[in-house]
Number of protein chains: 2
Amino acid sequence: MTPRTTPPGDARRARRARRRTYEQGLETVADPARPATRSPERRYGTRPTMKDVAARAGVGLKTVSRVVNGEAGVSPDTERRVQEAITALGFRRNDSARILRKGRTASIGLVLEDLADPFYAPLSRAVEEVARTHGALLINGSSAEDPDRERELVLALCARRVDGLVIVPASDDHRYLEPEIAAGVATVFVDRPPGLIEADMVLSDSFTGAREGVAHLIAHGHRRIGFIGDHPKIHTATERLRGYEAAMAEAGLPVHPSWLALGGTEPERVRVDAASMLSGAEPVTALFAGNNRVTVTLVRVLAERERPVALVGFDDFELADLLSPPVTVVAQDPARLGRSAAELLFRRLDGADDAPRRVAQPTRLIARGSGELAPRD
Amino acid sequence: MTPRTTPPGDARRARRARRRTYEQGLETVADPARPATRSPERRYGTRPTMKDVAARAGVGLKTVSRVVNGEAGVSPDTERRVQEAITALGFRRNDSARILRKGRTASIGLVLEDLADPFYAPLSRAVEEVARTHGALLINGSSAEDPDRERELVLALCARRVDGLVIVPASDDHRYLEPEIAAGVATVFVDRPPGLIEADMVLSDSFTGAREGVAHLIAHGHRRIGFIGDHPKIHTATERLRGYEAAMAEAGLPVHPSWLALGGTEPERVRVDAASMLSGAEPVTALFAGNNRVTVTLVRVLAERERPVALVGFDDFELADLLSPPVTVVAQDPARLGRSAAELLFRRLDGADDAPRRVAQPTRLIARGSGELAPRD
DNA sequence: ATGAAAGCGCTAACAA
DNA sequence: TTGTTAGCGCTTTCAT
């Protein structure tokens, strides 16, 4: 516990030693707009290496390696001297070199739509937690629902030689991953299936969940039910629509095309579609929301109206139970999705080589009030 | 657009080639409980290298490198042949080797309390976005408010030679970072200041925000106001308490010790403290919540009570405006905190070497209803 | 326009 | 117990 203070000049000098602009150094995500690398100027060239430690401790390089990695076969006295040198020099093993040599990075990549989305944030956290128990770090990126960005990110992660990938796909064609998977990158898709390739996947049972949610509304007397969902290119959106259609068909109810609206989750779009369904001669008396973003917008829309409209949302969300009326939802468990996906990934990394799996997780209907409102015609 | 299909055996063979258990391979986060590495078995040894591409294209290694990196000085014909070989072999540059050679990783680390917390998720996303514009990847980890885990994570990131670090500290002593910073790892603290070292930081003005929030309650007639905040070891918690005390003092109001409760954000703890403040002969008529987790719990507690109690929460949260009463908050902008921190980081990476900065961001009081309730004595 | 050689910092294999 | 050598896959330097 030495309250040692580095002279303030040190850090400044180190900073000054850096090359002029960051981007000149190295690109990760390919960007055709940016010209290729030029200036060499090293970055951690000033850092002590094992060789330096060895020289200072008066031992061989391998001995330092042994001490650093806690391997056996070093006498206590030698170890002490090496430790002293390490501390004095502020040595820290360069894992880049280690990774190159060992061929494994002890890191996995996670690509999803939006890290900040309340649905994906817990998923991401769960993946991180599993990675941690396996001694791996997590590199993650948001695709923003853009297939090109997904591909760019995924390939950047592959170039970094992540040991595995967990992907919430934005793209519907993952053939670009074939060489990577063949080269041994374990890959698990979560929340949505891969496109045009075989791979492990962990999904919620969107179809059944939506069918139950819509059947719940029907059971409460609704006949005209609107479906407002995510963009049709997204697998879960179409699955949930299928669930809606199945529930309606099972009840012998017709579906008017104007009751269906798939599109982006931007509040404006959702508002426009909701407004049109709720107006006219035969307005819908209930709405089914295709995901949490849509649900939240619909809660706002309905709060602004006088006439009560029933609502069931896909995905649970915080405080749903404290709204008035409390919001009935078809709940998924995003953390569990993430955990399952990550565990499947590490099973692959541990050598499991059976056929790709499709894990389906059930959803749970939580009746809170908004879905039990009777139709007001 | 060749709909090429890899024979299913390929991936399986690659998987089988892997070593037996993942953890044997390589450790990232030091774990004394796990024994040191042993089995060597390579991982991407089966991957083609530039050398392989060169052999196949009948050119020199450096020519391949030129093509891969888009450098000038390659004849169109040669380039074509190299490209063909790259495609045929499924070559992808190994960035681990590149990083080792170039000395820069084009990645930054982010360590925060909990990736899934609705306050930190947008912060994280903002950091990611800035990193992206600078061509860097983001490696992140959650410290779970554990100083040891923070240190472990940060040092693992340093060993990976991330170019920079953004840290929401859990620890109150960051001297362990001195050698790293001296070696050139740009470091920016966000949301909370560093402990015992000088470094850049980006903070919200917790003191002023809390003072305004409490003054708002006082202006609405409250005299007995409870403060329920985060654990006192957390800087923002004590700053907000200071703000509370300042507002009370400025109004000439006494503060009874039983009105103050700092501790974990677990709902049980918050409930117990709230219950005791709200009972007795002279219960508080208003509550000030120290952060969004506490606020959410208090909303639940108050919803269960008959007598209305005023509430102002620190941090805004989704749907706060749709609760009844809508919740008055002192809002921070977590995305902006993240963006500022990341931009500051990249300025450092671009060579800025002026003295460490302390950036303070203002908070904003948003009156929605719960903070405007009159005291009911 | 192209390539051969050196070496980034580490670990593996093998001596001593 | 300890050290020496080779080489991971790439970029850099300097030839040609």
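In this structure, the helix from dA1(C)-dT16(D) to dA16(C)-dT1(D) shows an angle of 40° between the axis at its start and the axis at its end, each fitted on 5 base pairs and rounded to 10°.
In this entry the distance linking CG of N69(A) with C1' of dA12(C) reads 12 Å, nearest Å. Between the CZ atom of R160(A) and the P atom of dC10(D) there is a distance of 14 Å, given to the nearest Å. Distance I99(B) CD1 to dC10(C) P: 15 Å, rounded to the nearest Å. The interatomic distance linking K51(B) (NZ) with dC10(D) (P) rounds to 11 Å, in whole Å. Separating the CE atom of M50(A) from the C1' atom of dT11(C) is a distance of 8 Å, rounded to the nearest angstrom. Look at CZ on R101(B): it is 15 Å from C1' on dG7(D), rounded to the nearest Å. When rounded to the nearest whole Å, the span between CG of L100(A) and P of dG9(D) equals 7 Å. Rounded to an integer number of Å, the gap from CD of E71(B) to P of dT12(D) is 7 Å.
Note on residues 49-59 of chain B: no pairs pass salt bridge (charged side-chain N to carboxylate O under 4.0 Å, His left out), not counting sequence neighbours.
Under 4.0 Å is where a charged nitrogen must lie from a carboxylate oxygen, and between E128(B) and R125(B) at least one such pair does. Salt bridge E152(A)/R149(A): absent, no basic N to carboxylate O contact under 4.0 Å.
At least one side-chain heavy atom of L177(A) sits less than 4.5 Å from a side-chain heavy atom of L165(A).
Proximity of a side-chain donor or acceptor of S124(A) to a complementary backbone N or O of L115(A) within less than 3.5 Å is not detected.
Evaluation of the side-chain hydrogen bond (donor to acceptor under 3.5 Å, both in side chains) rule for E180(A) yields R47(B), R92(B) as partners, not counting sequence neighbours. Under the side-chain hydrogen bond (donor to acceptor under 3.5 Å, both in side chains) criterion, E150(B) pairs with H174(B), Y176(B), sequence neighbours left out. Residues satisfying the side chain to side chain contact (heavy atoms under 4.5 Å, CB included) criterion with E84(A), sequence neighbours excluded, are R80(A).
Nearest nucleotide to the V74(B) side chain, out of dG7(D), dT2(C), dT12(D): dT2(C). Considering only the side chain of N94(A), dG9(C) comes nearest among dG9(C), dT2(D), dT2(C).
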Quick one: which protein N/O atoms are closer than 3.5 Å to N/O atoms of nucleotides 3-5 of chain C? Pair and distance per line, please.
| residue | atom | partner | partner atom | Å |
| --- | --- | --- | --- | --- |
| dG3(C) | OP1 | G60(B) | N | 3.1 |
| dG3(C) | OP2 | G60(B) | N | 2.6 |
| dG3(C) | OP2 | T63(B) | OG1 | 2.4 |
| dG3(C) | N7 | R66(B) | NH1 | 3.4 |
| dG3(C) | O6 | R66(B) | NH2 | 2.8 |

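Using a 4.0 Å cut-off, some side-chain N or O of K102(A) falls inside it from OP1 or OP2 of dA12(C). Within the structure, a side-chain polar atom (N or O) of S75(A) is placed less than 4.0 Å from OP1 or OP2 of dT2(D).
Of the candidates D354(A), D353(A), D163(A), R348(A) forms a salt bridge (Lys or Arg N to Asp or Glu O under 4.0 Å) with just one, namely D354(A).
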